[in-house]
Amino acid sequence: MPRLSRRRKELIDAMMKDAIFDAAVSVLAEHGVKGMTMDRVAAAANLAKASLYGYIGSKQKLLGFVHGRVVEPILEMVAETARTERPPAAKLDAIVRIIYGEVEKHQGIFTILLTDDTARRLLEPSARPRRETAIAQLAEVFRQGIDQGVFRDFDPRRLAEIFFAAMTEPWKWAASSGNPPVAERWIGPLVEVFLHGIAANSDR
């Protein structure tokens, strides 16, 4: 019986979090970050305000919760890709496609989170460790390539930071202009230029 009760509680918690996520996204889309009050989210989720605070705690944690719901699955897919037996260059290509595809899938959420100054400030405590995780995953792929002799011997962490910035900056720029980039337009040049350089002479 205790095991059944625990399983029932897990299901209820999962349903509650789904409802809160959907409500928060709906309120964000309609009112923006400044207009995303706990009252509005509670009403949209058909919850008492006290219940919402019990599950989430604060507006800052609510934003972190929304961010985590769209970012954590991406990090899991990137980690799985890094563990495969593919060549390192193929892993980088696959990782970029995963990230761009997921950002396009959740385009509305990412546009708000990337362009709103209040959102960026409130999200920084929860976004920082996720960013660090992504960079560490990329650094491992670069380390593999260096160990195999297919990448030049630079600091894997530094390469990961540069690649991460090159990968995410187009989305920040495009989101602020209201015209997110088409993934295929950016993936090819990003991977090709990063791996092979921009010089026409391949010997340089």
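The line from OG1 of Thr118 to CG of Leu113 is 12.0 Å long, rounded to the nearest 0.5 Å. Between the NZ atom in Lys17 and the CE atom in Met15 there is a gap of 14.0 Å [rounded to 0.5 Å]. Put simply, CG on Asp13 and CE on Met16 are 7.5 Å apart, with the number rounded to the nearest 0.5 Å. The CZ atom of Arg86 sits 11.0 Å away from atom CG of Leu92, with the distance rounded to the nearest 0.5 Å. Interatomic distance, CG of Leu195 versus CG of Leu190, reported as 8.5 Å (0.5 Å rounding). We find the CD1-CD1 distance between Ile74 and Ile98 to be 9.5 Å, quoted to the nearest 0.5 Å.
Contact between Pro156 and Ile146 at its shortest, heavy atoms only, is CG-CD1, 3.9 Å. Shortest non-hydrogen contact noted between Asp116 and Ala119 is OD1-N, 2.8 Å. Residues Ala139 and Ala160 share a closest heavy-atom pair of N-CB, 3.4 Å. Between Val70 and Phe21, the shortest heavy-atom contact is CG1-CZ, 4.1 Å. Here the closest non-hydrogen pair linking Phe65 and Ile20 is CE2-CG2, 4.0 Å. Nearest heavy atom pair, residue Leu52 against residue Ala42, reads CD2-N, 3.7 Å.
Sorted by first then second residue, the ring-ring contact (aromatic ring centres under 6.0 Å, His included) pairs that include residues 31-58, not counting sequence neighbours, number zero. Residues in residues 32-45 take part in these salt bridge (charged side-chain N to carboxylate O under 4.0 Å, His left out) pairs, two or more places apart or across chains: Asp39-Lys49. Sorted by first and then second residue, the salt bridge (charged side-chain N to carboxylate O under 4.0 Å, His left out) pairs involving residues 149-158 (not counting sequence neighbours) are Glu132-Arg157, Arg157-Glu161, Arg158-Glu161. Pairs passing the salt bridge (charged side-chain N to carboxylate O under 4.0 Å, His left out) check and including a residue from residues 135-150, sequence neighbours excluded, read Glu140-Arg143, Arg143-Asp147. Listed by first then second residue, pairs satisfying ring-ring contact (aromatic ring centres under 6.0 Å, His included) with a partner in residues 112-168 read Phe142-Phe151, Phe142-Phe163, Phe142-Phe194, Phe163-Phe194, not counting sequence neighbours.
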Item checked: Intermediate values then yes/no, side chain to side chain contact (heavy atoms under 4.5 Å, CB included), Met167 and Leu138 -> CA-CA 11 Å; Met167 182 170 50; Leu138 288 168; 4.0 Å; yes
Margin query: Could you walk me through whether Arg97 and Asp93 satisfy the side chain to side chain contact (heavy atoms under 4.5 Å, CB included) test, starting with their C-alpha distance in whole Å, then the side-chain angles of each, then the deciding distance to 0.1 Å, before giving a yes or no?
Written below: CA-CA 6 Å; Arg97 292 180 185 280; Asp93 183 86; 2.8 Å; yes
Next item on the list: Would you please test Val25 and Arg69 for side chain to side chain contact (heavy atoms under 4.5 Å, CB included) and show each step?
Entry: CA-CA 11 Å; Val25 169; Arg69 286 288 291 248; over 6 Å; no
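Between the side chain of Lys61 and the main chain of Ile56, no donor-acceptor pair closer than 3.5 Å is present. Between the Ser26 side chain and the Asp22 main chain, no donor and acceptor come within less than 3.5 Å of each other.
Environment of NZ in Lys59: crowded, with over 12 heavy atoms of neighbouring residues, nucleotides or ligands closer than 6.0 Å.
Using a 4.5 Å cut-off on side-chain heavy atoms (C-beta onward), Arg131 and Glu124 make contact. Side chains of Ile95 and Gln137 form no contact here, defined as non-hydrogen atoms less than 4.5 Å apart. Leu28 has its side chain out of reach of Ile109: every pair of non-hydrogen atoms, C-beta onward, lies at least 4.5 Å apart.
Evaluation of the side chain to side chain donor-acceptor pair (under 3.5 Å) rule for His67 yields Arg130 as partners, not counting sequence neighbours.
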